[in-house]
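Each ligand, and each atom within it, is numbered from 1 in the order the structure gives. Computed from a predicted model, the values in this text were never measured in an experiment.
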Amino acid sequence: MAVKLQIKADTHMTQKASLREFDLIPGHISEFASDIKSLHGVDVNMCFQCRKCTSGCPLAEFMDMTPTQLIHAVRLGLKDIVLDTNTYWLCVACGTCTARCPQETGLLKVMDALSNIAIKEGIMPKEPAIAEFYNIGLFMVKNFGTVYETGLAGILSLKTGNIARDAGMGIRMLKKGKLDILPHLHNSREMKKLFKKVAKREQELARS
Ligand code: SF4
Ligand code: SF4
């Protein structure tokens, strides 16, 4: 049977994949879907395209593919097209899609799996600010044991050249006590040990 994968008309994906038809063979699991299942335990074939995930996703309108389209594309094995989207980079891991899914497909884990695969394959986030956000956030967690939001926002604004745009909002938030001026340390020593452990484990996995 043939199914249609519809891509938003206002994205770069339009020329490549919009309204193209892809064959979906009942019971067949694409290599891409199979990889995600073995690595992250998520069976994308459980999805029956009800779109509840997309209707609850706060970022769906900014994504090249909606969560519903993305899981379908994974199911079809369209790895290059999926990895070329901003969808999984924009995901803020709020878990709404997973909570709303009647099939318990674990869409959030699919998003995680895709960013892991992309990083391993050297694919950079389509929005440079997203890569910076992750790098700065990880640096803060490693060194302070938590995310120091004021520092993260300030460094991110500087690095992305948005300091003039963001400064006013930052000052208003500081005045209202929504941001702390100084970072608070939370088990930063243990966190550094944890980072070392993860780095060692990743090296072992890369060698195996
Ligand atoms: S809510 Fe679940 S079953 Fe429905 S489209 Fe999303 S992933 Fe598929
Ligand atoms: S976890 Fe990601 S994909 Fe799911 S609803 Fe939240 S932002 Fe959207």
### Task
Answer yes or no for Arg51: is there a heavy-atom contact with ligand 1 below 4.0 Å?
yes
### Task
Look at atom 4 (Fe) of ligand 1 and say which protein heavy atom is nearest, naming residue and atom and giving the distance to 0.1 Å.
Cys50 SG, 2.3 Å
### Query
Which residue holds the protein heavy atom closest to atom 8 (Fe) of ligand 1, what is that atom called, and what is the gap in Å?
Cys47 SG, 2.4 Å
### Message
Listing request: all salt bridge (Lys or Arg N to Asp or Glu O under 4.0 Å) pairs with a residue in residues 132-154, at least two apart in sequence or in separate chains.
### Response
Glu132-Lys159
### Message
Determine whether a donor-acceptor pair (N or O, by modelled atom type, separation under 3.5 Å) exists between the side chain of Asn143 and the backbone of Phe139.
### Response
yes
### Query
Where the side chain of Tyr148 meets the backbone of Ile181, is there a donor-acceptor pair that is under 3.5 Å apart?
yes
### Message
Which residue and atom name correspond to the protein heavy atom nearest atom 3 (S) of ligand 1, and how close is it?
### Response
Phe48 N, 3.6 Å
### Task
Looking only at protein heavy atoms, identify the closest one to atom 2 (Fe) of ligand 1 and say how far it is in Å.
Cys101 SG, 2.3 Å
### Query
At a 4.0 Å threshold, what atoms of ligand 1 neighbour a non-hydrogen atom of Gln49?
5 (S), 8 (Fe)
### Message
Using only atom types and a distance under 3.5 Å, with no angle test, would you say the side chain of Asn45 pairs donor to acceptor with the backbone of Ala33?
### Response
no
#### Entry: salt bridge (Lys or Arg N to Asp or Glu O under 4.0 Å) contacts touching residues 93-116 (sequence neighbours left out)
none
### Query
Judged by atom type as modelled, is there a donor-acceptor pair below 3.5 Å linking the side chain of Thr105 to the main-chain atoms of Cys47?
no
### Message
Going by the rule side chain to side chain contact (heavy atoms under 4.5 Å, CB included), which residues pair with Arg201 if we only count those two or more places apart in sequence or in a different chain?
### Response
Glu204, Leu205
### Message
I'd like to know if the side chain of Ser30 reaches the main chain of Val74, judged simply by a donor and an acceptor atom lying under 3.5 Å from each other, with no hydrogens or angles considered.
### Response
yes
### Query
Which residue and non-hydrogen atom of the protein lie closest to atom 7 (S) of ligand 1, and at what distance in Å?
Thr105 OG1, 3.3 Å
### Query
Where the side chain of Thr150 meets the backbone of Asp180, is there a donor-acceptor pair that is under 3.5 Å apart?
yes
### Summary
Excluding waters, which are neither shown nor counted, protein N/O/S atoms under 2.8 Å from atom 2 (Fe) of ligand 2 come to 1
### Query
Considering only the protein, which heavy-atom contact is closest to atom 6 (Fe) of ligand 1, and what is its distance?
Cys53 SG, 2.3 Å
### Query
Between the main-chain N or O of Asp64 and the side-chain N or O of Thr85, is there a donor-acceptor pair closer than 3.5 Å?
no
